[in-house]
Amino acid sequence: MIDLSTVIAGVSFPVGLMNASGALCVTQDELEALGKADAGAIVTKSMTPLAREGNPHPRYVAIDGGSINSMGLPNLGYPAYAKLIPELKCFRKPVIASLAGLHPDDFLEGAKALHVAGPDLVEVNLSCPNIPGKPQIGYDFEETEHLLRALRDIFSIPFGVKLPPYFDPIHHQKIADVLERIGVAFVTVINSVGNTLVVDPEKEQVVIKPKGGFGGLGGRIIKPVALANVRAFWKIWGDQIPIIGTGGVENGIDIFEHVLCGASAVQVGTILVEEGVGVFTRLARELTECLERKGYPSLMACRGKLQEME
Ligand code: RRO
């Protein structure tokens, strides 16, 4: 039997496959469904101090090759998740809390609430593209360092960051320098490709309502951007800081590609929303078949093994 397990920041995952924050993980019912499914972990929706309805509908649309969203951080709020997280432990798989905020102080308040709730890991979301007037923190390296320094003083739980896609090696190096100075436990790359625009030519209209139609792009069409970001950080860090790859995973071979590039685990967003939690069973089967065919005994045996041309 092929071993699909992984370890991130000392936390063991039965399978290196889980939901991306945002995908079917807002409510108690959704989180419990992830607990019962063949997902290797439960990742919560990014949370803010108060419960939020999020942006007006329509705010998520599946398109050819992916999805566009501008959900606007709909979530139950820190206190509700702090109460839920200990209950989710009964599923005997890691619980990852995704922490967000509209202001730096929000993050610090959330860190204190999570400290008590005790998730296995915290993923600090530095890359929500969909709050009008609030830029993605991860594109501001100074702001990122300032925020993470303050969080580090509060957290005793290992924490990592969810980053936006970067498109230039200089930016990979600069953010990597910041994250090394902070000593983050892991990085998750990438969040959706922010502020893209999908047009319906028949209606001569945008396809989502918030922000004039601008939203985060996910799904198969962003896989090359995701793989490039996983690879760029692997080339900087090797196995020093574990990378969770996310973006464009639809089948077992996509997971294999992420791990070849250097991911220690993989998250799924769009395909989970489209297919439901049964997707984890299919993906684990396809991944096992792929590794068997390739002769790898385990998922981690192929991590980072991507070859470059002479
Ligand atoms: O809720 C959202 O609109 C959202 C978030 Br917080 C995020 O991090 N990424 C995304 O594509 N949507």
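Every number for a ligand or one of its atoms is a count from 1 in the order of the listing.
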How about CG on D64, more than 12 heavy atoms from neighbouring residues, nucleotides or ligands closer than 6.0 Å, or not?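 Counting other residues, nucleotides and ligands, CG of D64 stays at 12 neighbours or fewer.
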I'd like to know whether CZ of F214 has more than 12 heavy-atom contacts from other residues, nucleotides or ligands below 6.0 angstrom.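 Not more than 12 within 6.0 Å, no.
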Min side-chain heavy-atom separation E180-Q240 under 4.5 Å: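 The answer is no; the side chains never approach within 4.5 Å.
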With a 4.5 Å limit on heavy-atom distance, are the side chains of H57 and K209 in contact?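 No, every pair of side-chain atoms sits at 4.5 Å or beyond.
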T44 side chain vs S98 backbone, donor-acceptor pair below 3.5 Å: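 Yes.
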Any donor and acceptor pair, going by atom type alone, linking the side chain of N229 with main-chain N or O of A226 inside 3.5 Å?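 Side chain of N229 to backbone of A226, a donor-acceptor pair under 3.5 Å: no, none is there.
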Could you tell me whether P129 approaches ligand 1 through its side chain, its backbone, both or neither, with non-hydrogen atoms closer than 4.0 Å?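 Answer for P129: side chain.
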Single-linkage hydrophobic cluster, 4.5 Å side-chain cutoff, L272 and V26 together: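 Yes; tracing contacts between hydrophobic side chains, which count when under 4.5 Å, links both residues.
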At their closest point, which heavy atom of M18 faces which heavy atom of F280, and how far apart are they?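 Taking M18 first and F280 second, the nearest heavy atoms are C-CE2, 3.6 Å.
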Give the atom numbers and elements of ligand 1 that come within less than 4.0 Å of a heavy atom of [X].
X	result
N69	2 (C), 3 (O), 4 (C), 10 (C), 11 (O), 12 (N)
G72	1 (O), 2 (C), 3 (O)
L73	1 (O), 2 (C), 3 (O), 6 (Br)
N125	6 (Br), 7 (C), 8 (O)

Any heavy atom of G216 sitting closer than 4.0 Å to ligand 1?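 The answer is no: ligand 1 sits nowhere under 4.0 Å from a heavy atom of G216.
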Would you call K45 a ligand 1 contact, heavy-atom distance under 4.0 Å?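 K45: in contact with ligand 1 (<4.0 Å).
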Test your reading of the structure: does S46 have an N or O sitting under 3.5 Å from an N or O of ligand 1?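 N/O-N/O distance under 3.5 Å: no.
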Quick check: S192 and ligand 1, any N/O pair under 3.5 Å apart?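 Yes.
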Starting from atom 6 (Br) of ligand 1, what is the nearest protein heavy atom, named by residue and atom, and what distance separates them?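 Nearest protein contact, heavy atoms only, for atom 6 (Br) of ligand 1 is C128 SG, 3.3 Å.
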Closest approach of any protein heavy atom to atom 9 (N) of ligand 1, naming residue and atom: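 In this structure, atom 9 (N) of ligand 1 has N191 OD1, 2.8 Å as its nearest protein heavy atom.
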